[in-house]
Trainee: 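What follows is a structure written as structure tokens; I'll ask about it next.
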Protein chains: 2
Amino acid sequence: MNSQARGPVKRIADSTVRRLSLYLSFLEELNGSGTATVSSDVLARLGGTTSAQVRKDLSFFGSFGKRGLGYSVLELTASLRDILGLGRQWKVCVVGAGKIGVALARYPGFTYKGFNIVAVYDTDIQKIGSQWDALTVRDVARLPEDAIPEGFDIGVIAVPAEAAQGVADLLVASGITAIMNFAPVQIAVPADVIVRTVNMALEFEGLSFALANRAK
Amino acid sequence: MNSQARGPVKRIADSTVRRLSLYLSFLEELNGSGTATVSSDVLARLGGTTSAQVRKDLSFFGSFGKRGLGYSVLELTASLRDILGLGRQWKVCVVGAGKIGVALARYPGFTYKGFNIVAVYDTDIQKIGSQWDALTVRDVARLPEDAIPEGFDIGVIAVPAEAAQGVADLLVASGITAIMNFAPVQIAVPADVIVRTVNMALEFEGLSFALANRAK
DNA sequence: TTATGTGAACGCATTCACAGCC
DNA sequence: GGCTGTGAATGCGTTCACATAA
């Protein structure tokens, strides 16, 4: 098989996808510093893993390197962007015009990576109509009628835990099939809807566990 | 072996710790609704896993249930809080008085879970001295001299990517051995320092991958 | 010689299945 | 009878080791 094969044949592990994202960020940095070529060994060191792991991760998607030489930084960057679906723009709508939404919108490289926040919704009558950078906060009741014409790809849940499931139901009913959930609860959705939950409480509790159980 | 054993004998998988945190959140909700007893099966359904998984997760730390009956919600809550190191208060200092720091400080249940933000630092002369809820933003240069007397347990990195490694070095030099990193870069620290990185870009790229590669 | 690509071996997390106790 | 606790079996991600190509 020669380079540029695409489309995973078997299911790809989450851990692999996370590492691919990491490799991409390193490649973009290397690009900036004018490096033309990298080896799996260098990428491994940057990512805290092994060269075999790097090569295996890439091998699921094709052959991108040259034996004896390594990988072209430019080409591998392009391949990874393609693999991760970053070759296109995703339209993101955010429900909940609070702190998390603001942090997201201003997150460095967010738009750059192809995630465009095109709409913001809230239930709070105080917030509806207010400006939010270039966007006007809309009434969440309008979400179902907006979703199709505006072509939202991803819905972000940035509301308190109690409201999260209701928002998820609304997103699903509006035809949105990919959800990023920042509320600290599990949400239930149909099998064909993709959900990822980022739960800061879990992260801190993991740190707490490590602290409490470390060898003194 | 009877109930209340403690201290993991073997290394515990990250995935296990995450699930324990999840179970705890369910238990707290059950507590609120006055439920006295749960089975591993109920916890499994809430967490999207299997009853065997729940029992196995708990078994690493002891025997907490009654055969034929299930688990006392109250007792298991207490045990999990203990296991996760949430029985005590952790003193947290945040470096970077930006959006993420604000989101953190106002995150529901953050203080409740035992994480107390006791200091905030920044390099920006504009921000130093300003009020940040009950706290005054301090000059990051003061961090090393504050760390020991104020007893910081955890340092939070909430600065841009470029500044993250420098802050990490400063935290380590100040004697802080547990770091929560919100900057979208890997940071290097000595082996005895615990680091957890929360990288929102990675989460979104994972969603993008799932979207791009899902069966149409 | 150097570094990739990959089948095979390995180790660990998950699942199974059932003995043990309420 | 119901549900826990756990050794054993399974499955899967990681690591190894080497054939392959520049």
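The shown structure was predicted, so the numbers you read here are calculated from the model rather than taken from an experiment. Numbered from 1 within each chain, the chains take letters A, B, ... in sequence-line order.
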Trainee: Strictly distance-based, threshold 3.5 Å: is any side-chain N or O of A:Thr16 a donor or acceptor partner for the main-chain N or O of A:Ile12?
Mentor: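 A pair under 3.5 Å: no.
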Trainee: Applying salt bridge (charged side-chain N to carboxylate O under 4.0 Å, His left out), can you list everything that pairs with B:Arg67, at least two apart in sequence or on another chain?
Mentor: none
Trainee: Mark yes or no for whether A:Ser208, through its side chain, and A:Phe204, through its backbone, hold a donor-acceptor pair below 3.5 Å.
Mentor: no
Trainee: Table please: side-chain donor-acceptor pairs of residues 153-161 of chain A below 3.5 Å, with sequence neighbours left out.
Mentor:
from	atom 1	to	atom 2	distance (Å)
A:Asp153	OD2	A:Arg88	NH2	3.2
A:Asp153	OD2	A:Lys91	N	2.7

Trainee: Has B:Asp122 got a side-chain atom pairing as donor or acceptor with B:Ala97's backbone, closer than 3.5 angstrom?
Mentor: yes
Trainee: So, does B:Ser174 use its side chain to make a donor-acceptor pair with the main chain of B:Leu170 at under 3.5 Å?
Mentor: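 Flag set: sc B:Ser174 to bb B:Leu170 pair under 3.5 Å.
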Trainee: Write down the distance between NZ (B:Lys56) and P (D:dG7), rounded to a whole number of angstrom.
Mentor: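 That distance rounds to 7 Å.
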Trainee: Could you give the CG-to-C1' distance, from B:Leu76 to D:dT4, as a whole number of Å?
Mentor: 12 Å
Trainee: Looking at side-chain heavy atoms only, is the closest gap between A:Leu24 and A:Leu86 below 4.5 Å?
Mentor: yes
Trainee: Hey, is the main chain of B:Ala201 close enough, under 3.5 Å, to the side chain of B:Asn199 for a donor-acceptor pair?
Mentor: yes
Trainee: Can you list, by residue number, the residues of residues 23-51 of chain A that have a non-hydrogen atom closer than 4.0 angstrom to DNA chain C?
Mentor: A:Ser39, A:Ser40
Trainee: Shorter than 3.5 Å, N or O on both sides, protein versus nucleotides 9-13 of chain D: list them out with atom names.
Mentor:
none

Trainee: Checking B:Glu150 now: which residues fulfil salt bridge (charged side-chain N to carboxylate O under 4.0 Å, His left out) with it, not counting sequence neighbours?
Mentor: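 For B:Glu150 the salt bridge (charged side-chain N to carboxylate O under 4.0 Å, His left out) partners, ignoring immediate neighbours, are B:Arg138.
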Trainee: Reckon A:Tyr71 has a side-chain N or O less than 4.0 Å from the OP1 or OP2 of C:dG5?
Mentor: yes
Trainee: Would you give a per-nucleotide map of nucleotides 17-22 of chain D, 5' to 3', where B means the base has a protein non-hydrogen atom under 4.0 Å away, S means only the sugar-phosphate does, and - means neither?
Mentor: B-BBBS
Trainee: So A:Arg196 and A:Asp14, side chain to side chain contact (heavy atoms under 4.5 Å, CB included) or not? Walk me through it.
Mentor: CA-CA 11 Å; A:Arg196 277 180 101 90; A:Asp14 265 24; 4.2 Å; yes
Trainee: With a 3.5 Å cut-off and no angle check, do the side chains of A:Gln165 and A:Asp169 form a donor-acceptor pair?
Mentor: yes
Trainee: Rounding to an integer number of Å, can you tell me how far B:Leu58 CG sits from D:dT4 C1'?
Mentor: 10 Å
Trainee: Rounding to an integer number of Å, can you tell me how far A:Asp57 CG sits from D:dT15 P?
Mentor: 10 Å
